[in-house]
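First comes the structure, then the notes that go with it.
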Amino acid sequence: MQQHHQLLTAACVRSGDRGDAISGVTMIKDREHVKLERLSFFSDAVFAIAMTLLVIEVRLPELHGATDRSLAQALVNLMPNYIGFIISFLVIGRFWTGHHRLMAMIDAADPSLVRANLLLLMAIAFMPFPTAVLSDYSLLRVAIGFYTAYLMVVGLANVRVITVALRHLARNDPEAAEDARRLRRSMWSPIIIAGAGFAAGMVSPAAGLISMIVVTPFVLLLLTRLGGRSDQR
């Protein structure tokens, strides 16, 4: 009877140890989830603020003795501001969608990821300034060169975040693994597009803007086809 009691006590102790271990693992996962969630929320806020600030460069026309014709002409003269806003909004939106997908693939955020992400957010927060330069001096090569070169800097910061984050790719998740492969293929596209815009912009500022719009679908199509071939292999 006493031996049976001792065996039962030992079994309870082992069961309690396993329970404590499981509880400890759960607590660690919960802490990692909270850290990742805070990082994601903070990043979303910075992206949203940067995208909102872009509209500041679309200034209200100042007219003296306004008429229908003068107002219409003033609105037409703001065309570079419209273009700058649209391009930058779509660019930041493109980075945000990739960042959003990335945060859903991983299950932890270490200090290296936090630092890399902070650098990306700093680059994103500065985007309204290159946009203002492009909007006000759209006919100058320096303006398009500065804008496209800065897009390449943001693209490199984005590549760094993706590279560091995918070290924490969620395990036992086939969908996350597939999304990671797609993200690795597409993470270079902003740099390629900005590089094409820079090269064309040194010939003609207008050609630089047009090239970024025209080259974008071709780059994405090329990356998709290359990805399809690598998947077949």
Side-chain angles (χ1 to χ4, degrees), residues 43-44 46-59 76-102 115-165 182-227:
S43 301
D44 288 347
V46 174
F47 275 103
I49 292 171
M51 295 172 79
T52 303
L53 290 177
L54 293 173
V55 76
I56 294 176
E57 293 307 315
V58 185
R59 304 182 187 92
V76 171
N77 293 339
L78 287 174
M79 190 61 66
N81 301 73
Y82 305 147
I83 295 174
F85 169 78
I86 293 171
I87 291 177
S88 294
F89 191 93
L90 294 177
V91 165
I92 297 178
R94 169 67 178 78
F95 283 118
W96 176 79
T97 55
H99 190 275
H100 181 70
R101 288 168 53 201
L102 180 65
R115 289 192 294 269
N117 191 72
L118 193 60
L119 288 176
L120 173 62
L121 296 181
M122 180 177 67
I124 291 295
F126 192 71
M127 271 295 295
F129 179 71
T131 302
V133 173
L134 179 66
S135 298
D136 290 348
Y137 304 101
S138 58
L139 298 180
L140 299 180
R141 290 183 176 86
V142 172
I144 186 67
F146 176 64
Y147 182 82
T148 52
Y150 190 75
L151 286 187
M152 286 187 274
V153 171
V154 180
L156 290 173
N158 184 60
V159 168
R160 174 61 180 168
V161 170
I162 294 173
T163 303
V164 174
R182 293 174 182 171
L183 197 58
R184 286 192 182 98
R185 289 195 299 265
S186 64
M187 67 182 183
W188 296 102
S189 59
I191 300 174
I192 297 173
I193 294 167
F198 181 89
M202 294 302 97
V203 178
S204 167
L209 293 175
I210 294 172
S211 69
M212 285 193 292
I213 298 172
V214 173
V215 168
T216 297
F218 287 101
V219 171
L220 297 178
L221 179 62
L222 177 62
L223 291 173
T224 301
R225 288 186 174 180
L226 290 176

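A quick note: this is a predicted structure, and the numbers were derived from the prediction, not measured. Only heavy atoms go into these numbers, but all of them, side chains included; no hydrogens, no water, no symmetry mates.
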Original post:
Is I86 close to L90 at the side-chain level, that is, under 4.5 Å between some pair of heavy atoms?
Top reply: yes

Subject >> Side-chain heavy-atom pair D136, N81 within 4.5 angstrom cut-off >> reply: yes

Original post:
In a check of side-chain contact (heavy atoms from CB on, under 4.5 Å) between T131 and each of Y147, F85, F126, which one passes?
Top reply: Y147

Subject >> Residues which pass side chain to side chain contact (heavy atoms under 4.5 Å, CB included) with I49, listed by chain and number, not counting sequence neighbours >> reply: L53

Subject >> L139 atom CG, neighbour heavy-atom count above 12 within 6.0 Å >> reply: no

Original post:
Which pair of non-hydrogen atoms, one from L78 and one from R59, has the smallest distance, and what is that distance?
Top reply: CD1-O, 3.3 Å

Original post:
Can you find a pair of side-chain heavy atoms, one from Y150 and one from M127, that are under 4.5 Å apart?
Top reply: yes

Original post:
Can you list the residues that meet the salt bridge (Lys or Arg N to Asp or Glu O under 4.0 Å) rule with D44, with sequence neighbours excluded?
Top reply: none

Subject >> Contact summary for M202 and G145, nearest pair of heavy atoms >> reply: CE-CA, 3.6 Å

Original post:
Which of these, V164, V161, V46, sits in a side-chain contact (heavy atoms from CB on, under 4.5 Å) with N117?
Top reply: V161

**OP:** Taking all heavy atoms of A123 and all of V154, pick out the closest pair and write down the distance.
**Re:** CB-CG2, 3.9 Å

Subject >> Heavy-atom closest contact (I92 atom, M51 atom, distance) >> reply: CG2-CG, 3.3 Å

**OP:** Please report the closest heavy-atom contact between P128 and A50, naming both atoms and the distance.
**Re:** CG-O, 4.0 Å

**OP:** Taking all non-hydrogen atoms of both residues into account, name the closest pair between P205 and R141 and its distance.
**Re:** CG-N, 3.8 Å

